[in-house]
Participant: 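Take this structure first; my questions come after.
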Amino acid sequence: MSNEDITLTAGDAEVVVQPGNGGRIGGLRIGGVELLRQGERFGCFPMVPWCGRIRGGAFRDGGTLHQMPLNSPPHAIHGTARDGAWRVARKAADEAVITYDLVEPWPFTGRVTQAVALTPDALTLTMSVETYASSFPAQIGWHPWFQRNLGGQDVRIAFEPAWQEERGEDHLPTGNRVEPRPGPWDDCFGMPGGVDVTLTWPERLELKVTSPEEWVVVYDEQEAAVCVEPQTGPPNGLNTLPRLVTPLEPLEATTTWSWRRI
């Protein structure tokens, strides 16, 4: 199948999937209102095979040191799959499945599969990384850019994390966990019971971002948009908290955005 944009619909919800633009969600319209910041780099892109920054772009797998390109000097950021073209495996009116084969500069062989499922009041994204060759560390996450304003008051972010990863001057976690601090944020938080963040556009819409994963990065330092990023580990997690993809056990994650009008 071609990698042209795919439009999914359910009720008055509409989602645009962009296989040719890094497998990202290019738009989410509810009742004709666009919730995601528009633009080639925005929408919601998959972060895989790592999330956030890798310190110096380098990570170890056993005794081997691997170096990734520094696409956010002095670090490497947000994986490689968002820069590639994905293939369409299956599509229907309200669901699409797309795949991406990991290639250089990532040093391991593997396949990423992302399923996008839309209902009238929720969008569920499911991603897996699998390999039939050697095992390797990896992470999965999503990086949505939600519009700060939908034509009324600015969005409000509500969540109750158990801790905040202390952020060093290099924007990476220091390894210390601290009491959650007030924003603005470009920070990683721990939610051991699962990610649960509520975005409220007063008098318009409430949207909940949930995931069984326990890590979420919240970024609201930009004027146009806010980001709520569920992921399988913290930034620099390939070095500090690696999750292994093996021939017997893929790495899987899911997130659901559910909404209601206010």
Side-chain angles (χ1 to χ4, degrees), residues 1-3 6 17-25 43-72 75-91 95-117 124-144 188 195 211-217 229-255:
M1 295 185 183
S2 73
N3 60 9
I6 301 167
V17 184
Q18 298 181 323
N21 184 21
R24 77 188 59 216
I25 306 301
C44 171
F45 61 81
M47 296 185 291
V48 63
W50 75 85
C51 303
R53 297 169 175 86
I54 305 175
R55 176 173 282 113
F59 70 96
R60 288 193 177 276
D61 178 43
T64 304
L65 183 68
H66 298 283
Q67 179 67 50
M68 295 293 99
L70 303 184
N71 58 351
S72 182
H75 307 303
I77 196 168
H78 294 334
T80 57
R82 65 173 178 152
D83 299 320
W86 294 50
R87 296 177 181 271
V88 180
R90 186 173 75 249
K91 62 179 178 179
E95 183 183 19
V97 177
I98 58 177
T99 65
Y100 175 78
D101 290 329
L102 294 169
V103 295
E104 292 183 352
W106 186 249
F108 304 99
T109 300
R111 169 165 287 189
V112 184
T113 301
Q114 180 173 213
V116 182
T124 298
L125 305 174
T126 304
M127 196 156 29
S128 64
V129 185
E130 59 186 342
T131 183
Y132 300 105
S134 59
S135 303
F136 57 87
Q139 290 179 300
I140 289 172
W142 289 270
H143 196 304
C188 182
V195 172
S211 172
E213 301 303 325
E214 67 175 273
W215 303 92
V216 63
V217 169
E229 309 161 36
Q231 48 197 63
T232 59
N236 200 38
L238 291 188
N239 288 308
T240 62
L241 198 68
R243 297 275 294 273
L244 277 183
V245 178
T246 76
L248 294 178
E249 189 171 3
L251 176 61
E252 300 176 323
T254 186
T255 183

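Everything numeric in this text was worked out from a predicted model, so none of it was measured.
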Participant: What are the two closest non-hydrogen atoms of S128 and I140, and how far apart are they?
Facilitator: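 For S128 and I140, the tightest heavy-atom pair comes out as CA-CD1, 4.1 Å.
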Participant: Report yes if some heavy atom in the side chain of T255 is under 4.5 Å from a heavy atom in the side chain of V195; otherwise report no.
Facilitator: no
Participant: Which atoms form the tightest heavy-atom contact between G237 and Q139, and what is the distance?
Facilitator: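 Here G237 and Q139 meet closest at CA-NE2, 3.6 Å.
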Participant: Apply side-chain contact (heavy atoms from CB on, under 4.5 Å) to R82 and H143, showing your working.
Facilitator: CA-CA 10 Å; R82 65 173 178 152; H143 196 304; over 6 Å; no
Participant: Looking at residues at least two apart in the chain, or sitting in another chain, which of them share a side-chain contact (heavy atoms from CB on, under 4.5 Å) with T126?
Facilitator: A115, T124, T254
Participant: Indicate the atoms forming the closest heavy-atom contact of V216 with P230, along with that distance.
Facilitator: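 Between these two residues, the closest heavy atoms are CG2-N, 4.0 Å.
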Participant: Report yes if some heavy atom in the side chain of V112 is under 4.5 Å from a heavy atom in the side chain of M127; otherwise report no.
Facilitator: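 Yes, their side chains come closer than 4.5 Å.
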Participant: Using the test ring-ring contact (aromatic ring centres under 6.0 Å, His included), find all partners of H75 that sit at least two apart in sequence or belong to another chain.
Facilitator: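 Not a single residue meets the ring-ring contact (aromatic ring centres under 6.0 Å, His included) criterion with H75.
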Participant: Rounded to the nearest 0.5 Å, how far apart are OG of S211 and CD of Q231?
Facilitator: 10.0 Å
Participant: Measure the CG-OG distance between D61 and S134 for me, rounded to the nearest 0.5 Å.
Facilitator: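 If we round to the nearest 0.5 Å, D61:CG and S134:OG are 7.5 Å apart.
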Participant: Quick one: does any side-chain atom of Q114 pair with a main-chain N or O of V97 as donor and acceptor, under 3.5 Å?
Facilitator: no
Participant: To the nearest 0.5 Å, how far apart are CG in D101 and CZ in R111?
Facilitator: 4.0 Å
Participant: Is there a side-chain contact between V116 and I6 (heavy atoms, below 4.5 Å)?
Facilitator: no
Participant: Ignoring hydrogens and angles, write down the donor-acceptor pairs under 3.5 Å from the side chains of residues 240-252, residues two or more places apart or on other chains.
Facilitator:
unit_1	atom_1	unit_2	atom_2	d
T240	OG1	N236	O	3.3
R243	NH1	T232	O	3.3
T246	OG1	L248	N	3.2
T246	OG1	E249	N	2.9

Participant: Could you work out, with ring-ring contact (aromatic ring centres under 6.0 Å, His included) as the rule, every residue matching Y100, not counting sequence neighbours?
Facilitator: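 In terms of ring-ring contact (aromatic ring centres under 6.0 Å, His included), with neighbours along the sequence ignored, Y100 is linked to W86.
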Participant: Taking the side chain as every heavy atom from C-beta outward, state whether I77 and M68 have any pair of such atoms under 4.5 Å apart.
Facilitator: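 Heavy-atom side-chain distance check fails, nothing below 4.5 Å.
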Participant: Using distance only, find each side-chain donor-acceptor pair of residues 44-60 under 3.5 Å and give its atom names and separation, not counting sequence neighbours.
Facilitator:
unit_1	atom_1	unit_2	atom_2	d
W50	NE1	G52	O	3.2
R55	NE	D170	OD2	3.2
R55	NH2	D170	OD2	2.9

Participant: Checking W215 now: which residues fulfil ring-ring contact (aromatic ring centres under 6.0 Å, His included) with it, not counting sequence neighbours?
Facilitator: W163
Participant: Pick out which of F108, F136, W106 makes a ring pair (Phe, Tyr, Trp, His ring centres under 6.0 Å) with H66.
Facilitator: F108
Participant: Mind checking the CG-OG1 spacing from L102 to T131? Nearest 0.5 Å is all I need.
Facilitator: 8.5 Å
